[in-house]
Amino acid sequence: MALATRGDLASALFNALNIDPTSSGRFGDAGELDAVTSTLADLGITNGIGDGTQYGTAQVTTRGQAFTMIARALGLADANTSIQQASQALVNAGIVRGYGGDPNNIGINDPLRADHLGLLIDRLQPELERPSGDIGGGTVADRIVDDADQIRDENIAREDPAYAAYLRGVGIRTAEIADEIALRQDLFAEDARRRSESYARAQEQAMKGIQTGFEQRGLFRSGSRMRSEAEKRAELGYEQESAQASAQRDYESAIRALEQQQTALDREAEQRRIQAAAQGIQTEIEEPYDG
């Protein structure tokens, strides 16, 4: 029965999250998993062992350690959540079922079998595709990728003042776009409410006018009169729906334009990131040999 190591756990979780490395050099014993473990630490998914300078790559991982890292990745736990609480969160989410399907027997101190690690990762995948609940929408996986991108930018910016200034500028514009989207959403909701109230009043007044005319002339509602009323109601309803549909189209067009601006900003940021990385490589190549 093969047991999973902490390195196996880190590698499997990193690959499942489908993220790029954010940094390296966090743990002295990580070896070829240096970038993997550093990135998971940047995201708050792992803290390492002991004083936090070692990861314990070759150590056999416990079930509780695996449950905790997965719970942190999904946002069900954080650094202050105990192993027991994090494990229970996975039980509640249906990711951990316990020995023999018994949720009260999950064995958090037992070593994690390699095949059970595979099962956990398989059960993790659908959870990553669930809506994140963030204001910007997207899935849990999208949130994790965004967090990793932001951390990577911050790490690069610490070493590149020019890039830091660029990111500040992009961040300001991103905030402006987000504010504009929120404003347009509020304006659309208010406009839709006003239109609905206006057409409701118009329909009510029209019906009162028809009824008043009948009463004043002592007329009964003949079939033709009733059809006329129905047509009038249908016409008012159609005008209301048409106006709301037009407002919806205008709103969606404005949102698409803002999203295109955001996409352009994201693309520019990515190009800047690539240029910064390329500049770093070129600097290393061109550095004179002094030995």
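Owing to the predicted nature of the structure, the values given are computational and were not obtained by experimental measurement.
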If I take atom CG from residue D29 and atom OG1 from residue T37, how far apart are they, to the nearest 0.5 angstrom?
8.0 Å

Given the ring of Y55, does R6 sit roughly above its face, with NZ or CZ under 6.0 Å from the centre of the six-membered ring and within 45° of the axis?
yes

List the steps and the verdict of side chain to side chain contact (heavy atoms under 4.5 Å, CB included) for V96 and S87.
CA-CA 8 Å; V96 173; S87 301; over 6 Å; no

Exercise: identify the closest heavy-atom pair between L112 and A66:
CD2-CB, 3.7 Å

Would a 4.5 Å heavy-atom cut-off, applied to side chains only, mark Q59 and I49 as touching?
yes

Minimal non-hydrogen separation, T53 against D51, with atom names:
OG1-OD1, 2.7 Å

Do L9 and L117 touch side chain to side chain, with heavy atoms closer than 4.5 Å?
yes

If we ignore hydrogens and angles and just use 3.5 Å, is the side chain of T81 paired with the main-chain N or O of D78 as donor and acceptor?
yes

With side chains defined as the heavy atoms from C-beta onward, is the minimum distance between R130 and T139 less than 4.5 Å?
no

Which atom pair, heavy atoms only, marks the closest approach of I19 to A148?
CG2-CB, 4.2 Å

Among D34, D42, T39, which residue meets the side chain to side chain donor-acceptor pair (under 3.5 Å) test with S23?
D42

With side chain to side chain donor-acceptor pair (under 3.5 Å) as the criterion, how do E154 and Q150 come out once you've worked through the C-alpha distance, each side chain's angles and the decisive distance to 0.1 Å?
CA-CA 6 Å; E154 292 171 353; Q150 180 178 348; 3.3 Å; yes

Do L90 and L43 share a hydrophobic cluster, counting only Ile, Leu, Val, Met, Phe, Trp and Tyr and linking them when any side-chain heavy atoms are less than 4.5 Å apart?
yes

For the atom pair CG (N92) and CD (Q85), what is the distance rounded to the nearest 0.5 Å?
11.5 Å

Whether the side chain of E129 engages the backbone of P126 through a donor-acceptor N/O pair (distance < 3.5 Å, no angle test) should be reported.
no

One should read off an interatomic distance between D147 CG and D142 CG, to the nearest 0.5 angstrom, of 11.0 Å

Rounded to the nearest 0.5 Å, what separates atom OG1 in T57 from atom CD in E32?
9.0 Å

Roughly how far, to the nearest 0.5 Å, is the CG atom of L17 from the CG atom of L40?
7.0 Å

Which pair of non-hydrogen atoms, one from L124 and one from A16, has the smallest distance, and what is that distance?
CD2-CB, 4.0 Å

Got M69 and L13 here, is their nearest side-chain heavy-atom distance under 4.5 Å?
yes

Just checking, any donor-acceptor pair under 3.5 angstrom between side chains of N109 and T62?
no

Inspect the surroundings of CD in Q125 and state if more than 12 heavy atoms from other residues, nucleotides or ligands are less than 6.0 Å away.
yes

Count the heavy atoms of every other residue, nucleotide or ligand shown that sit under 6.0 Å from CG of N18, and state whether that count exceeds 12.
no

Among the clusters formed by ILVMFWY side chains lying less than 4.5 Å apart, do V145 and I70 turn up in the same one?
yes

Does a salt bridge link R123 with E127, judged by any charged N lying under 4.0 Å from a carboxylate O?
no

Shortest non-hydrogen contact from P21 toward A35
CB-CB, 3.8 Å

Can V60 be reached from V36 by stepping across I, L, V, M, F, W or Y side chains whose heavy atoms are under 4.5 Å apart?
no

Please tell me whether R158 and N155 have a donor and an acceptor in their side chains that are separated by less than 3.5 angstrom.
yes

Report yes if some heavy atom in the side chain of L74 is under 4.5 Å from a heavy atom in the side chain of V140; otherwise report no.
yes

To the nearest 0.5 angstrom, please state how far the CG atom of D20 sits from the CG atom of D149.
7.5 Å

Could you walk me through whether H116 and L120 pass the side chain to side chain contact (heavy atoms under 4.5 Å, CB included) check?
CA-CA 6 Å; H116 285 178; L120 285 173; 5.7 Å; no

Linking I/L/V/M/F/W/Y whenever their side-chain heavy atoms sit closer than 4.5 Å, directly or via other members, would F27 and I151 fall into one cluster?
yes

Is there a continuous path of hydrophobic side-chain contacts, each under 4.5 Å between heavy atoms, that joins I45 to L128?
yes

How far apart are the closest heavy atoms of I106 and G98, and which atoms are they?
CG2-CA, 3.8 Å

Kindly say whether A79 contributes a backbone atom to a donor-acceptor pair with the side chain of N47 at under 3.5 angstrom?
no

Please determine whether a side-chain nitrogen of the Lys or Arg among R143 and D146 lies less than 4.0 Å from a carboxylate oxygen of the Asp or Glu.
no

Can you confirm if the NZ or CZ of R72 lies within 45° of the ring axis of F67 and under 6.0 Å from the centre of its six-membered ring?
no

